Chemist: 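The structure is given below, and queries will be raised subsequently.
From a predicted model like this one, the values you see are computed outputs, not experimental measurements.
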Amino acid sequence: GPVVKKDVMRASTMLEHEQKYAVILAFDVKVERDAQEMADREGVKIFQADIIYHLFDRFTEYQAELVRQKKEQFRHIAVFPCKLKVLPDHVYTRRDPIVVGVRVEAGVVKTGTPICVPSKEFIFLGIITGIQHNSKDVDT
């Protein structure tokens with residue numbers, strides 16, 4: 001049958017757990033106006049389509065957008081472990097700011113990655129503020 005307010009109330013309980021679960025997939029059914037208004041008010045997403053593939057595509061796009069938003073939200077918090085080897089012939093400044101050439105031996109280097117020396121009791125050196133490759137700024 002059509003999507004009604006009771007369906008929206010059931011879906012809204014999932015907001016307590018996680019936003020991505022508070023959805024209604026309405027395949028080849030109508031959505032009553034008061035149910036749509038309640039869904040908009042409560043934050044429940046309703047996907048409606050007469051073709052199942054269109055419904056699936058909209059839902060997977062929505063899920064991918066939520067993942068992108070989470071990644072952006074925690075981008076500054078996440079630390080990507082890496083192992084660097086300082087190239088002795090490419091030490092340009094030894095003091096603040098330290099500018100050196102390195103070879104990435106493992107992991108991923110990103111702007112914002114904290115740098116330490118594990119063999120020296122994890123002494124903290126600083127945070128990567130910029131990365132260049134062939135004299136051009138890059139993110140990773």
Chemist: Transitively linked via ILVMFWY side-chain contacts under 4.5 Å: Val23 with Ile52?
Modeler: yes
Chemist: Considering only heavy atoms from C-beta outward, does the side chain of His90 approach that of Val100 to under 4.5 Å?
Modeler: no
Chemist: At their closest point, which heavy atom of Pro118 faces which heavy atom of Cys116, and how far apart are they?
Modeler: CD-O, 3.4 Å
Chemist: Give a yes or no on whether His133 atom NE2 has more than 12 heavy-atom contacts from other residues, nucleotides or ligands under 6.0 Å away.
Modeler: no
Chemist: Got Lys20 and Gln63 here, is their nearest side-chain heavy-atom distance under 4.5 Å?
Modeler: yes
Chemist: Any side-chain heavy-atom pair from Thr113 and Ile127 closer than 4.5 angstrom?
Modeler: no
Chemist: Quick one: pull up NZ in Lys6 and CE in Met9 and give me the separation to the nearest 0.5 Å.
Modeler: 7.5 Å
Chemist: In Å, rounded to the nearest 0.5 Å, how long is the span from CZ of Phe47 to CG of Asp57?
Modeler: 11.5 Å
Chemist: Can you tell me how far apart CD1 (Ile46) and CE (Met38) are? Round to the nearest 0.5 Å.
Modeler: 10.0 Å
Chemist: With a 4.5 Å cut-off on side-chain heavy-atom distances among I, L, V, M, F, W and Y, is there a chain of contacts connecting Leu66 to Leu25?
Modeler: yes
Chemist: Ignoring hydrogens, what is the shortest heavy-atom contact between Thr13 and Arg10? Give both atom names and the distance.
Modeler: OG1-O, 2.6 Å
Chemist: How long is the straight-line distance from CZ of Phe27 back to CD1 of Ile51, given to the nearest 0.5 Å?
Modeler: 8.5 Å
Chemist: Assess whether atom CZ of Phe124 is packed by more than 12 heavy atoms of other residues, nucleotides or ligands within 6.0 Å.
Modeler: yes
Chemist: So is Lys71 actually on top of Phe74's ring, under 6.0 Å and inside 45° of the axis?
Modeler: no
Chemist: Show the nearest heavy-atom pair for residues Ala26 and Val3, with the distance to one decimal.
Modeler: CB-CG2, 3.9 Å
Chemist: Got a sec: does the CD of Gln73 have more than 12 other heavy atoms crowding it under 6.0 Å?
Modeler: yes
Chemist: A side-chain contact here means heavy atoms from C-beta on lying under 4.5 Å apart; do Gln19 and Met14 qualify?
Modeler: no
Chemist: Can you tell me how far CD1 of Ile98 sits from CD1 of Ile128, rounded to the nearest 0.5 angstrom?
Modeler: 11.0 Å
Chemist: I'd like to check Ser12 versus Val44 (side-chain heavy atoms, cut-off strictly below 4.5 Å). Are they in contact?
Modeler: yes
Chemist: Is the count of non-hydrogen atoms from other residues, nucleotides or ligands lying under 6.0 Å from Phe56 atom CZ greater than 12?
Modeler: no
Chemist: For Val99, is there any backbone N or O sitting under 3.5 Å from a side-chain donor or acceptor partner on Thr93?
Modeler: yes
Chemist: Are the side chains of Val117 and Phe122 in contact, using a 4.5 Å heavy-atom criterion?
Modeler: no
Chemist: Hey, which of Asp137, Val109, Val102 is the one that makes side-chain contact (heavy atoms from CB on, under 4.5 Å) with Ile131?
Modeler: Val109
Chemist: Can you tell me if Asp40 uses its side chain to pair, donor with acceptor, with the backbone of Glu37 under 3.5 Å?
Modeler: no
Chemist: If two hydrophobic side chains count as joined below 4.5 Å and joins carry through other members, does Val138 share a cluster with Ile115?
Modeler: yes
Chemist: List the steps, then state whether side chain to side chain contact (heavy atoms under 4.5 Å, CB included) holds for Arg103 with Leu87.
Modeler: CA-CA 7 Å; Arg103 173 175 286 118; Leu87 303 173; 3.9 Å; yes
Chemist: Identify the residue among Val31, Val8, Val29 that makes a side-chain contact (heavy atoms from CB on, under 4.5 Å) with Ile24.
Modeler: Val8
Chemist: Report the distance from atom NZ of Lys5 to atom CD of Glu42, rounding to the nearest 0.5 Å.
Modeler: 10.0 Å
Chemist: Do Tyr21 and Phe59 belong together in a cluster built from hydrophobic side chains that touch within less than 4.5 Å?
Modeler: no
Chemist: Is Glu65 salt-bridged to Arg68, going by a charged N under 4.0 Å from an acidic O?
Modeler: yes
